[in-house]
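What follows is one structure encoded as structure tokens, with my remarks underneath.
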Amino acid sequence: MKVSFLSFDAVNDLIRSEMHEAFQQVFEGKWYILGESVKKFEKEYALFNSVKHCVGVSNGLDALFLSLKSLNIGKGDEVIVPSNTYIATLLAVSYVGATPVLVEPRENTFNINPEKIEAAITSRTKAIMPVHLYGQCCEMDAIMDIAVRNNLFVIEDNAQSQGASYNNKLTGSFGNVNGTSFYPGKNLGALGDAGAVTTNDEKLAEKIAVIRNYGSQRKYYNEVIGYNMRLDELQAAFLNVKLRYLNEWTKQRQQIAEWYNAALKGIGDLLLPGIAEGATHVYHLYVIRTEKRDALQEFLSENGIGTLIHYPIPPHLQEAYSNLGYKKGDFPIAEKMAETVLSIPMWPGMKQTDIVTVAEAIRKFY
């Protein structure tokens, strides 16, 4: 029995007719840029995220870039980011001309360690960008406290954790302004690139809405130098359909994680994902750790089970960031994670028999 790393089959089968109807409405409506579908999604996602404003944009990276841009962060400034994040987090900082400053994560949660943030703050630090990695909310109370005491902005990278919370407050609702992604593989995924910015600050929301649209509120009248970073009308229509199902899909992911926790407990040297006190996890990914990662991945592949490594090279060792002057050994926790993490199958529609198949293969390996 094969188990793919990711499958859209169950999700697509459930919403097929609604997605076809959404396409038809946009097609027949003949308004394809910043129309009613985008307006509706911005309103509905803001409600879902318990924020006052949502601005639909082209993708998650652009959402982070626009968030930083709206706060006037730029050349000479520093932004604190996790040492084990996806490269997009750093790219957004680089796009505005600022410098990313890396801070190590907690080993059991994969999320940035608040206890290490203050040591990284300098006179040039302007913001903290926590990443809610793999689906778990960061320890946001501590992070917000540090930001307030040091007069820093907070921009949440919420690309992987829509619907997760810390002490009953949702990701994407803590920071001054926050970016999220609706890349197809995300928990709330479009059928192409898409993203959004969330905030409770009306002026920031208005500013981002202008910058994303050529710096213009009124066609052909440009107030500032802007960009073409708009959420596509058709993708917004698809997201309006899928948003209605997100809570149910999250429950499925959490149930799958419970099955994994029970089935994989005590096997070999496996380290299962931990959850910080007060945090919830929506399991965009189910990530295990083992010193035998490469051999295990090869064995699972040979037995028809798909896996991925998130992520094999930490940002400070990427050639693109050699200018930061970091070397191997500078961030040992991130490096160790890169050598030991393995993401195993996780998608709505998985059956308990699928989890048993994966667990039996892993147990056989050991």
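Heads up: numbering here begins at 1 and tracks the sequence. The basis for the numbers below is simple: all heavy atoms, side chains too, and nothing from hydrogens, waters or symmetry mates.
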Go through the steps for F331 and H316 under the test ring-ring contact (aromatic ring centres under 6.0 Å, His included), then give the verdict.
CA-CA 8 Å; F331 296 95; H316 71 283; 4.9 Å; yes
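- A side-chain donor-acceptor contact under 3.5 Å links T290 and D269.
- Enclosure of atom CG in N151 is not indicated, since only 12 or fewer non-hydrogen atoms of other residues, nucleotides or ligands lie within 6.0 angstrom.
- F153 does not carry K126 over the face of its six-membered ring by the limits of under 6.0 Å from the centre and within 45° of the normal.
- For R289 and E107, the salt-bridge test passes: some basic side-chain N is under 4.0 Å from an acidic carboxylate O.
- We find that E339 and K328 are joined by a salt bridge, their nearest charged nitrogen and carboxylate oxygen being less than 4.0 Å apart.
- The side-chain tip of R363 does not point at the ring of Y366 from less than 6.0 angstrom away and within 45° of straight on.
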Could you walk me through whether R212 and Y227 pass the side chain to side chain contact (heavy atoms under 4.5 Å, CB included) test, one step at a time?
CA-CA 5 Å; R212 73 167 177 184; Y227 305 87; over 6 Å; no
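- Taking the charged nitrogens against the carboxylate oxygens, E44 and R244 have no contact shorter than 4.0 Å, which rules out a salt bridge.
- With 3.5 Å as the limit, one finds no donor-acceptor pair spanning the side chains of N213 and K219.
- Qualifying side-chain hydrogen bond (donor to acceptor under 3.5 Å, both in side chains) partners for N168, counting only residues two or more places apart in sequence or in other chains: none.
- Judged purely by atom type and a 3.5 angstrom limit, N178 uses its side chain to pair as donor or acceptor with the backbone of E156.
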